[in-house]
Amino acid sequence: MALLVRPLWLFLGVVSSGLGLAGTVLPLLPTTPFALLAAFCFSRSSESLKNWIETRPGIAPVLADWREGGAIRRSVKLMALLSMLASALIAWLAGVPVWALATQAGVMTCAAAFILSRPTRRRHSTTRSAPYAPEGRLMP
């Protein structure tokens, strides 16, 4: 049984990565949850894939923010909410049946509530201010 566990985690990580990649171009498919799931799965199956996903420029900051307290950057929150709104608008304009629109609205409302409930992580400043001595003078 233990021989099957690692390949299963690897398979789930690859599938999650694929769905996250698809989510970068499909408005209804989220990217960040699949990236988080892929990182989790790879951490249980392949150290090299775990390191690979954790060093991707677009994913690494999101993973770091999540690990540091379940935080989501303001820009990521905004993009997620705008994508949901655009998806609902496209579905409405496409003439999707009312029951499907209602289902979509319900699911997206729950997703939006979760996103908004997470702490907001601001980008770290690239410039640091010099430390001050108690008298207000710059320290050497």
Side-chain angles (χ1 to χ4, degrees):
M1 186 65 169
L3 290 175
L4 294 176
V5 173
R6 215 173 125 143
L8 180 61
W9 282 119
L10 181 63
F11 174 75
L12 290 173
V14 169
V15 169
S16 297
S17 295
L19 289 171
L21 183 61
T24 61
V25 294
L26 298 173
L28 193 57
L29 196 60
T31 301
T32 303
F34 287 117
L36 293 170
L37 182 59
F40 175 79
C41 293
F42 288 150
S43 72
R44 303 221 169 348
S45 63
S46 169
E47 190 67 28
S48 61
L49 286 174
K50 173 185 170 276
N51 292 336
W52 175 81
I53 200 165
E54 289 180 348
T55 57
R56 300 287 46 104
I59 298 171
V62 172
L63 293 174
D65 291 344
W66 186 260
R67 284 194 182 119
E68 291 177 19
I72 302 173
R73 291 184 184 191
R74 186 179 315 271
S75 61
V76 174
K77 286 182 178 186
L78 181 61
M79 190 59 152
L81 297 172
L82 288 175
S83 295
M84 285 188 260
L85 184 61
S87 178
L89 183 61
I90 290 168
W92 178 69
L93 291 173
V96 172
V98 174
W99 66 267
L101 289 173
T103 302
Q104 181 185 29
V107 170
M108 287 195 292
T109 299
C110 292
F114 175 77
I115 290 168
L116 293 172
S117 73
R118 304 309 314 150
T120 299
R121 177 73 178 210
R122 291 194 174 86
R123 289 185 181 191
H124 295 291
S125 174
T126 56
T127 60
R128 292 180 175 237
S129 58
Y132 284 91
E135 303 87 64
R137 292 176 289 165
L138 284 175
M139 294 179 79

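The first residue in the sequence is number 1, and the count goes up from there. Only heavy atoms go into these numbers, but all of them, side chains included; no hydrogens, no water, no symmetry mates.
Heavy atoms only, all atoms of each residue included: G70 and P119 are closest at O-CD, 3.4 Å. When every heavy atom of M108 is checked against every heavy atom of A88, the shortest pair comes out as CE-CB, 3.6 Å. Here the shortest heavy-atom pairing between L10 and S46 reads CD1-CB, 4.3 Å. Scanning both residues, Q104 and S87, for their nearest heavy atoms gives NE2-OG, 3.1 Å. The shortest heavy-atom contact between R6 and R44 is CG-O, 3.9 Å. Across T120 and K77, no two heavy atoms sit closer than the pair OG1-NZ, 2.7 Å.
A continuous path of hydrophobic side-chain contacts links I53 to I72 [ILVMFWY only; heavy atoms under 4.5 Å].
The only member of R56, K50, E54 that meets side chain to side chain contact (heavy atoms under 4.5 Å, CB included) when paired with W52 is R56.
The closest donor-acceptor contact from the side chain of S117 to the backbone of F114 lies under 3.5 Å.
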Show me the donor-acceptor pairs, under 3.5 Å and distance only, between side chains in residues 90-102 and residues at least two apart or in other chains.
none

List the atom pairs, with distances to 0.1 Å, where a side-chain N or O of residues 16-23 and a protein N or O form a donor-acceptor pair under 3.5 Å, not counting sequence neighbours.
from : atom 1 : to  : atom 2 : distance (Å)
S16  : OG     : L12 : O      : 2.8
S17  : OG     : G13 : O      : 2.9

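Ring pair F40/W9 is perpendicular by interplanar angle, where above 60° counts as perpendicular and below 30° as parallel.
You'll find the side chain of F34 stays beyond 4.5 Å of the side chain of V15, heavy atoms only.
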